[in-house]
Each structure stands twice: as structure tokens, then as C-alpha cells.
Amino acid sequence: MKILITGGAGYIGSHTAKHLARFGHQIVVLDNLSRGHPWAVKWGPLEPVDLLDLPAVQGAVQRHRPDAVVHFAAYALVGESVQDPGLYYRNNFVGSLNLIQAMVEADCAKLVFSSTCATYGNPQRPLLDESHPQSPTNPYGHSKLMVEQVLADFDRSQGLKSCALRYFNACGADPEGELGEVHDPETHLIPCIFNALIHDQPLKIFGDQYPTPDGTCIRDYINILDLASAHRLALEALEARKPLRPAYNLGTGRGHSVREVVAIVEKVTGRKVPVEICQPRPGDPPSLVASAQLARQDLGWQPEWTDLEASIRVAWDWHKRWF
Ligand code: UDP
């Protein structure tokens, strides 16, 4: 397939581009480079387009006429979304609407959408499955949930076939060393721990009084290569007109607290991570752990990186080479 990847210069988008190219798909990246990196676009041409620029998006989709789109381009920082909700609703929601409009006009009817466990909000049970009520605790989660709703409506009215993949926390890096995780500013836990080690500055732990065994937040860290393979499987299922559910969770089913992740980094690096306990970050739910049974069942998805230590080892190898 010819696949347009929005946000293909970002962390998850670039790893997915490499994976899809390896499986013989033709890649075009659409990215405004506001948060992505030109060096991460290696598996197809780059359209340096902002999704808020509707004529430019229409132009790019018309020019390339992709068979399918994988839509990653979005802002994805919970804390920032609480500070500046307008940024999130404009970029993530309006940008997605523009993309969908351009796709419908170009008769491109297959879309895999990058959604998130942040659409669930505070968990009502230990493992979140897709039927868990969606009640986001921050504008980031709301903006993604709104797009899920739009996709359901466009499926009914325009025949736009889509599948939302609700990721839990992406982690890891390309084992071949071509790609890794870097954001500016960096807010994600694992690279923040690496930076704490490299710059010998304490890692800020956002809250240690949560109702979890060690008081710090629990997340489900899913490897970036397993995320990439899920996107390919979803695309191939859409291509084969296999009936899919509107959304699938992607996670390991195992949670790690912030302190546990720190301990794994210490084991991998052989170094003590300096930490400082800070106020909780607004909008952070105490625990988010996936049941990803449906993705296994319907997509045949088989996550291979189930050991967080292995993912952190690859991520550290990449990180220490560049920083
Ligand atoms: N976190 C932390 N210190 C940091 C960065 C993150 O304590 O410097 C915590 C954060 O509060 C959350 C977890 O680590 O509980 C994962 O945060 P991240 O930003 O990586 O992903 P999110 O869950 O927000 O998507």
C-alpha cells in the first residue's frame, strides 16, 4: 500500500514508517516538524505540511493519493494540555477534521488513528478494556476522544473505514540504532530519567501519595516496535475489509510504577538515579494498565517486547550515544 503517515517525523510515527517500509509499503510522511525531527524521516518523502492548513493538506493528499493514512500528528503532553487546552483542541481536533475532509475528497477511505488510554480517565477497574467508560481527565484525552467520535460518524456517513489504536505508554527505541525517543522539552518518564543521569540532576517524581503500592503512578509501558506492528496489522485488516472494532487498546497488561521504572533504569545503567518528590502533575490518573486482548484476538497482534528492562536497555543504548 501507499501509506501517508501524519506525524511520521515523531517518535511513534518514525518507528512505524520504518516498520511499514520493511514490510514493503510505500511511505509518505506529512509533518509540520513542530515536534518531530527531519532526521527521523528516512523511509519516504516528507511533505512539510501543517494539518491546520487545510488547502496544503488537501494538496498533499491529492498529490500522493494514498491507499491509507496513519494519523499520528498531534500534541501529546497531558500537563501542557491542561495549561493550554486551545492548543490541543485546535491541533489535535481541528487538524484531524482537516485531514479527514481531505481524505474524503480524495476518496481515500482507510485510516488508522493514533488514540490513547488518556481517553479513559480514572480507571474504575485494574485492567482497562475497550468497554471501560471514556471520561478523560485532561484536554489531551478529550481531544483524542472527540476524533474517535468523528471517525464513527464518518464511517457511517462517508464510508471512511477506520480503526483507533489506544496506546498506553510508548517506550523503547529502534534496536538498529536509527531512531529513538527525543522531545523538546522532554517530559516523558524514561527519557527524563536518562537525562537526570546524564545531567546529574534529580528526576522529579510527580507525586508519591497516589493509591498505589509505592504511592507513585502506574503506567503500562508498551514497546514502540510492538506499536508499529499493530499499525501494520490494522492497515492490512482494513485493506482486507476485515470487520474491525472502532478501537483497540495496545499495552502489555502489566503496570510499572514510576519508582519501579527508576529501579529498572538503575539496573540497566548501573547508576543511582537522583530523585526529588514533587507535587502531582495535574490530569494524571493514578494507574493506567491495558487489557489488549481484543487486539490479539482480532488483529492477531502478538507483542514481543514484554520485558520492560529489554526496552529500556535499547532506549538507553540509543540515548547515551546522542546525549
Ligand atoms: N513522571 C514523573 N516524572 C517525570 C515524568 C513523568 O514522575 O519527569 C510520571 C508522570 O507523572 C506519569 C508517568 O511518569 O505518572 C508517565 O508519564 P509520561 O509523561 O511519560 O507519560 P503519560 O502517562 O503522561 O502519557
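Numbering of ligands and ligand atoms starts at 1, following listing order.
Applying the ring-ring contact (aromatic ring centres under 6.0 Å, His included) test to pairs two or more places apart or on separate chains, those with a residue in residues 114-138 are Y120-H132. The list of ring-ring contact (aromatic ring centres under 6.0 Å, His included) pairs with a residue in residues 81-108, not counting sequence neighbours, reads Y75-Y88.
Of the listed residues (I218, L128, N122), just one forms a side-chain contact (heavy atoms from CB on, under 4.5 Å) with S287, and that residue is I218.
Contact residues of ligand 1 (protein heavy atom closer than 4.0 angstrom to a ligand atom; sorted by chain and number): V78, N169, T187, H188, L189, C192, L203, K204, I205, F206, C217, R219, Y221, V258, R281, D284.
The shortest distance between side-chain heavy atoms of W316 and V265 does not fall below 4.5 Å.
For an aromatic pair to be called close, the ring centres must be under 6.0 Å apart, and Y167 with H231 satisfies this.
Partners of Q302 according to the side chain to side chain contact (heavy atoms under 4.5 Å, CB included) rule, which considers only residues two or more places apart in sequence or in another chain, are R296.
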